[in-house]
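Notes follow once the structure below has been shown.
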Amino acid sequence: MPQITANNLQIEYEALGAESAPAILLIMGLGAQLARWNIELCEALVDRGYRVIRFDNRDCGLSSKLDQAGVPDVGRALRTGTPLVAPYTLEDMAADCIGLLDALGIAKAHVVGASMGGAIAQIVAALYPQRTLSLTSIMSTSSHPDLPPPTPAAAQALMAPLPPTRDKEALIEDAIRRQLAVASPEFPSCPQRLRNLFTEEHERGFYPRGVTRQLAAFLASGDRRALLATITAPTLVLHGADDPLIPIACGYDVAAHIPGAEMRVIEGMAHDFPVALTDVFADAIASVAQAAAA
C-alpha cells in the first residue's frame with residue numbers, strides 16, 4: 001500500500017476502484033487500522049460504482065507517529081476531573097483527511113466515518129462543506145455530556161491497561177477479548193478471521209502510545225451539537241441497536257442535530273462491522289451518496 005504526504009504527515013492509504021468514479025473516504029476509529037474497513041465492504045462499494053479510499057489515521061498503523069507530542073495521562077484526567085490537554089485535536093485529524101484528498105487530487109468525496117472516525121467525519125462535513133458530497137456517521141456520537149456512557153464491560157474493554165505479559169500472543173489475545181466485548185451479538189465473527197485481523201494489525205503497527213493520544217483528542221473534543229447544526233451535506237446516521245460502547249441514544253442525538261439527517265438502526269449490530277452485514281452497510285452508504293448526486 002502506498003504512502004502520501006498529507007497535512008505534513010505521511011499517511012498510509014489504499015485506493016480501490018476507478019479513479020474516475022465518485023470517491024468515498026472511509027475514516028476509521030480509535031487505534032483501528034485501515035483493514036478494519038473489511039475488504040468485502042470496500043469491494044461492495046466499488047461494485048456500486050465508487051472509488052474507495054481507506055487509510056491509517058495519524059498515530060496508527062503505518063502512518064506518521066507523533067512521538068514528539070508525548071503521552072497524555074488520560075487515566076488521571078478521568079479519575080480526578082482535571083482538564084485533559086490533548087497533543088492534537090479531532091479537527092487536526094479532520095485536516096489530515098482533507099490533506100489526503102488534496103494529495104490524491106480529489107475535489108469532493110462522500111465522507112464515511114465509524115466511531116471516533118464518525119466524529120472526525122462530522123467535523124469534515126461541518127468545516128469543509130465544499131469538499132463533502134455526503135456524510136455517513138456510523139456508531140458515533142455528538143459527545144454531549146448528558147448522553148449515556150458505555151456499559152461497564154465496554155468501558156473496561158476500552159480503558160483497561162495492557163496485559164502485564166506483553167509478548168505477541170498475549171497482546172493479540174487481549175485485542176480479541178476487547179473486540180468481543182463490543183461485538184455484534186447476532187452476527188458473531190469467525191474466530192480465525194478475528195485472530196488473523198489482530199495478528200496482522202500487531203505485526204503491521206502495534207503502537208499503544210498513538211491510541212492514547214487519539215483517545216485524548218476524542219475525549220477533549222467536547223460537545224459537537226452546535227457544529228452538527230451547520231452541516232449541509234445529505235447525511236445518514238447508522239447505528240447498531242445493541243451498541244454497548246456508544247449507545248444508540250448517541251446516534252439518535254447526532255441525527256437530531258444535523259438538519260435533514262436520516263437515522264437508520266441495524267438490529268443485532270453492536271460496535272463492529274460484521275461481514276454478514278456487508279450489503280446492508282454498502283447499500284446504506286450508497287443510498288445517501290446517490291441522494292447527494294440526484
Side-chain angles (χ1 to χ4, degrees), residues 1 9 11-14 24-42 45 52-66 74 88 90 92-94 96-97 100 111-124 136-141 150 154-155 157-160 162 171-184 189 193-219 221 238-240 243-246 250 269-275 277-278 281 285:
M1 297 177 191
L9 300 172
I11 299 294
E12 183 82 5
Y13 77 97
E14 182 179 22
I24 292 179
L25 181 69
L26 301 177
I27 310 170
M28 195 26 85
L30 177 68
Q33 299 179 32
L34 59 81
R36 297 284 187 101
W37 295 108
N38 63 66
I39 192 62
E40 290 87 351
L41 176 56
C42 295
L45 291 169
V52 176
I53 296 116
R54 58 181 184 169
F55 68 101
D56 292 331
N57 283 308
R58 63 167 64 192
D59 258 343
C60 180
L62 299 178
S63 288
S64 289
K65 310 302 191 297
L66 283 80
V74 173
Y88 50 79
L90 293 188
D92 294 325
M93 298 181 79
D96 296 346
C97 298
L100 178 57
V111 181
V112 180
S115 196
M116 183 188 76
I120 296 168
Q122 295 162 17
I123 293 168
V124 170
T136 304
S137 177
I138 306 173
M139 51 181 141
S140 195
T141 180
L158 178 67
M159 299 299 296
L162 291 171
L171 291 166
I172 291 170
E173 289 291 342
D174 179 65
I176 292 171
R177 281 193 297 270
R178 292 174 194 259
Q179 180 63 28
L180 290 176
V182 300
S184 296
S189 297
R193 182 188 177 101
L194 205 57
R195 180 170 297 279
N196 291 345
L197 171 67
F198 286 111
T199 299
E200 177 188 355
E201 283 201 348
H202 183 89
E203 293 173 349
R204 189 172 176 270
F206 175 68
Y207 190 62
R209 288 174 292 176
V211 179
T212 302
R213 286 191 287 267
Q214 288 186 0
L215 179 60
F218 180 70
L219 293 175
S221 66
L238 280 179
H239 217 101
D243 194 328
L245 186 62
I246 300 182
C250 300
M269 173 186 165
H271 202 80
D272 61 350
F273 282 97
V275 175
L277 293 174
T278 293
F281 295 133
I285 294 167

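Residue indices begin at 1 and follow the sequence shown.
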How would you list, by chain and number, every residue that makes a salt bridge (Lys or Arg N to Asp or Glu O under 4.0 Å) with D96, sequence neighbours excluded? R58
May I ask you to decide if C250's main-chain N or O and T141's side chain share a donor-acceptor pair within less than 3.5 Å? no
Taking the side chain as every heavy atom from C-beta outward, state whether T199 and E203 have any pair of such atoms under 4.5 Å apart. yes
Interatomic distance, S189 atom OG to Q179 atom CD [nearest 0.5 angstrom]: 6.5 Å
Keeping the roles fixed (side chain from D56, backbone from L62), state whether a donor-acceptor pair exists under 3.5 Å. yes
Between the main-chain N or O of I246 and the side-chain N or O of H239, is there a donor-acceptor pair closer than 3.5 Å? yes
Looking only at heavy atoms, what is the nearest atom pair of M28 and A32, with distance? CG-CB, 3.2 Å
Using a 4.5 Å cut-off on heavy atoms from C-beta on, say whether the side chain of R195 contacts that of E173. yes
Side-chain (S140) to main-chain (A114) donor-acceptor, under 3.5 angstrom: no
Residue pair P244 / A181: nearest heavy atoms and the distance that separates them: CG-O, 3.9 Å
Using 4.0 Å as the upper bound for N to carboxylate O, is an ion pair formed by R193 and E40? yes
Could you measure the distance from the CD atom of E201 to the CD atom of Q33? Nearest 0.5 Å is fine. 4.0 Å
Are side-chain heavy atoms of L90 and Q122 found at a separation under 4.5 Å? no
Closest heavy-atom contact between S184 and A270? OG-N, 2.8 Å
Distance col, row R213:CZ vs Y207:OH, nearest 0.5 angstrom, shows 4.0 Å
Identify, with sequence neighbours excluded, every residue that meets ring-ring contact (aromatic ring centres under 6.0 Å, His included) alongside Y13. none
Specify the closest pair of heavy atoms between V52 and C42, including all atoms of both residues, with the distance to one decimal. CG2-O, 3.7 Å
Note: V211 and L30 closest approach over all heavy atoms is O-CD1, 3.5 Å
Take R36 and L197, measure what side chain to side chain contact (heavy atoms under 4.5 Å, CB included) needs, and give me the verdict at the end. CA-CA 8 Å; R36 297 284 187 101; L197 171 67; 3.9 Å; yes
Measure the shortest side-chain to side-chain distance between L45 and W37 over non-hydrogen atoms and say whether it is less than 4.5 angstrom. no
Donor-acceptor pair, distance only, cut-off 3.5 Å: does the side chain of D272 make one with the backbone of A183? no
Any side-chain heavy atom of L245 within less than 4.5 Å of one from M139? no
Step-by-step side chain to side chain contact (heavy atoms under 4.5 Å, CB included) determination, V74 to M159: CA-CA 9 Å; V74 173; M159 299 299 296; 4.1 Å; yes
Partners of F55 by ring-ring contact (aromatic ring centres under 6.0 Å, His included), sequence neighbours excluded? none
Any side-chain heavy atom of I120 sitting closer than 4.5 Å to one from C97? yes
Search all heavy atoms of R178 against all heavy atoms of A157 and return the closest pair with its distance. NH1-O, 2.9 Å
Rounding to 0.5 Å, atoms CG (L194) and CD1 (I172) come to a distance of 11.0 Å
Here the gap from L34 atom CG to N57 atom CG, rounded to the nearest 0.5 Å, amounts to 9.5 Å
How are the rings of F281 and F273 set to each other: parallel, tilted or perpendicular (split at 30° and 60°)? perpendicular
Rounded to the nearest 0.5 Å, how far does CG of D92 lie from CD1 of I123? 9.5 Å
Does the pair H271 and L158 meet the rule for a side chain to side chain contact (heavy atoms under 4.5 Å, CB included), with working shown? CA-CA 12 Å; H271 202 80; L158 178 67; over 6 Å; no
